[in-house]
Amino acid sequence: MNVKKSFLLIALFFLLSALLILSGCAKKQVLVTSNPTSSVATAEKAEPTAESAKAAVLSEIDLFESEQIFFAFDSYDLKSESREILARKAEWLKANPEISIKIEGHCDERGTAEYNLALGQRRAEAAMSYLTTLGISNARIATVSYGEMNPSYAGHDEMSWAKNRRSEFKVVR
């Protein structure tokens with residue numbers, strides 16, 4: 001009988017210990033209060049953690065890198081939509097002065113490899129030039145051309161070619 005009681009006491013001890021540990025790790029509650037002179041409720045929130053701040057920056061970088069600009073056939077002229085995208089990128093770069101970027105120029109499969117490398121470089125440089133007119137130092141921007149070497153679409157039709165005539169933006173810090 002003593003062995004059973006001892007075992008039961010030990011099991012009870014571990015169960016209570018586990019409950020105390022788990023209750024000590026409870027999430028902080030958000031306190032919602034209402035201002036009597038306003039119908040809007042306010043919430044008191046804890047300061048962001050370093051982990052959540054890092055996640056937010058990574059999310060911003062993902063968004064920055066996901067937005068590409070596209071070009072017409074055999075052209076490196078910036079479309080109005082591309083200028084709008086570059087303006088957003090410039091604002092983000094101004095808010096994050098520690099970040100440098102690489103602009104990658106790409107082409108579709110038509111034309112010679114040499115011609116497409118040169119055209120891809122002109123596309124990357126056109127984007128860089130516009131960013132510098134918006135106040136971003138060219139010391140923070142590197143350019144590279146991949147010509148037709150890295151297509152984002154493998155098709156051999158106008159839709160695929162249009163998606164491959166682009167400049168991409170990579171954060172290099």
Side-chain angles (χ1 to χ4, degrees), residues 25 27-30 32 40-173:
C25 296
K27 301 285 183 200
K28 290 188 177 184
Q29 297 288 325
V30 175
V32 177
V40 177
T42 60
E44 296 176 21
K45 296 182 181 176
E47 290 294 317
T49 65
E51 189 174 291
S52 66
K54 184 177 179 180
V57 169
L58 291 176
S59 177
E60 287 180 14
I61 289 172
D62 287 344
L63 179 62
F64 180 89
E65 291 183 337
S66 70
E67 221 172 3
Q68 305 170 358
I69 60 173
F70 296 93
F71 297 88
F73 174 71
D74 197 30
S75 174
Y76 57 94
D77 294 332
L78 296 173
K79 299 176 183 180
S80 62
E81 178 182 313
S82 297
R83 287 188 183 94
E84 291 171 11
I85 290 169
L86 291 168
R88 285 194 299 274
K89 290 183 181 298
E91 289 304 312
W92 187 79
L93 288 166
K94 287 176 185 176
N96 296 281
E98 73 284 359
I99 291 183
S100 295
I101 63 169
K102 175 176 66 171
I103 304 173
E104 302 174 346
H106 298 271
C107 300
D108 63 37
E109 65 188 355
R110 298 173 292 176
T112 66
E114 296 83 15
Y115 180 81
N116 285 336
L117 278 173
L119 181 58
Q121 187 63 37
R122 288 193 297 273
R123 288 174 174 168
E125 289 173 356
M128 180 179 84
S129 177
Y130 194 74
L131 286 172
T132 59
T133 64
L134 296 174
I136 306 303
S137 169
N138 63 355
R140 295 174 60 193
I141 306 170
T143 60
V144 65
S145 174
Y146 290 107
E148 63 191 65
M149 292 185 284
N150 292 332
S152 60
Y153 284 81
H156 306 287
D157 55 29
E158 185 53 45
M159 191 276 307
S160 298
W161 294 330
K163 295 291 185 183
N164 290 329
R165 296 188 303 258
R166 69 197 189 280
S167 282
E168 295 182 1
F169 302 82
K170 307 294 183 194
V171 170
V172 294
R173 292 200 185 231

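Source: prediction; values computed, not measured.
- For the pair Lys170 and Glu168, the salt-bridge criterion is met [side-chain N within less than 4.0 Å of a carboxylate O].
- At least one donor-acceptor pair under 3.5 Å links the side chain of Arg166 to the backbone N or O of Asn164.
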I would like to know whether Arg165 and Arg110 meet side chain to side chain contact (heavy atoms under 4.5 Å, CB included); could you show each step before the answer?
CA-CA 10 Å; Arg165 296 188 303 258; Arg110 298 173 292 176; 3.1 Å; yes
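- Here the closest non-hydrogen pair linking Gly120 and Cys107 is N-SG, 3.5 Å.
- For the pair Lys163 and Phe70, the distance from NZ or CZ to the six-membered ring centre is under 6.0 Å and the angle to the ring normal is within 45 degrees.
- At a cut-off of 3.5 Å, with distance as the only test, no side-chain donor of Asp62 or Ser59 sits close to an acceptor on the other residue.
- Tested against His106 for a ring pair (Phe, Tyr, Trp, His ring centres under 6.0 Å), the candidates Tyr146, Phe169, Trp161, Tyr153 yield a single pass: Tyr146.
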Evaluation steps, side chain to side chain contact (heavy atoms under 4.5 Å, CB included), between Ile136 and Ile141:
CA-CA 8 Å; Ile136 306 303; Ile141 306 170; 3.9 Å; yes
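- Proximity of a side-chain donor or acceptor of Ser75 to a complementary backbone N or O of Ala72 within less than 3.5 Å is not detected.
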Apply salt bridge (Lys or Arg N to Asp or Glu O under 4.0 Å) to the pair Glu125 and Arg123, showing each step before the final yes or no.
CA-CA 5 Å; Glu125 289 173 356; Arg123 288 174 174 168; over 6 Å; no
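- Remark: Lys79 is not positioned above the aromatic ring of Phe71, lacking an NZ or CZ atom under 6.0 angstrom from the ring centre and at most 45 degrees off the axis.
- A donor-acceptor pair under 3.5 Å is absent between the side-chain atoms of Asn96 and the main chain of Ile99, judged by distance alone.
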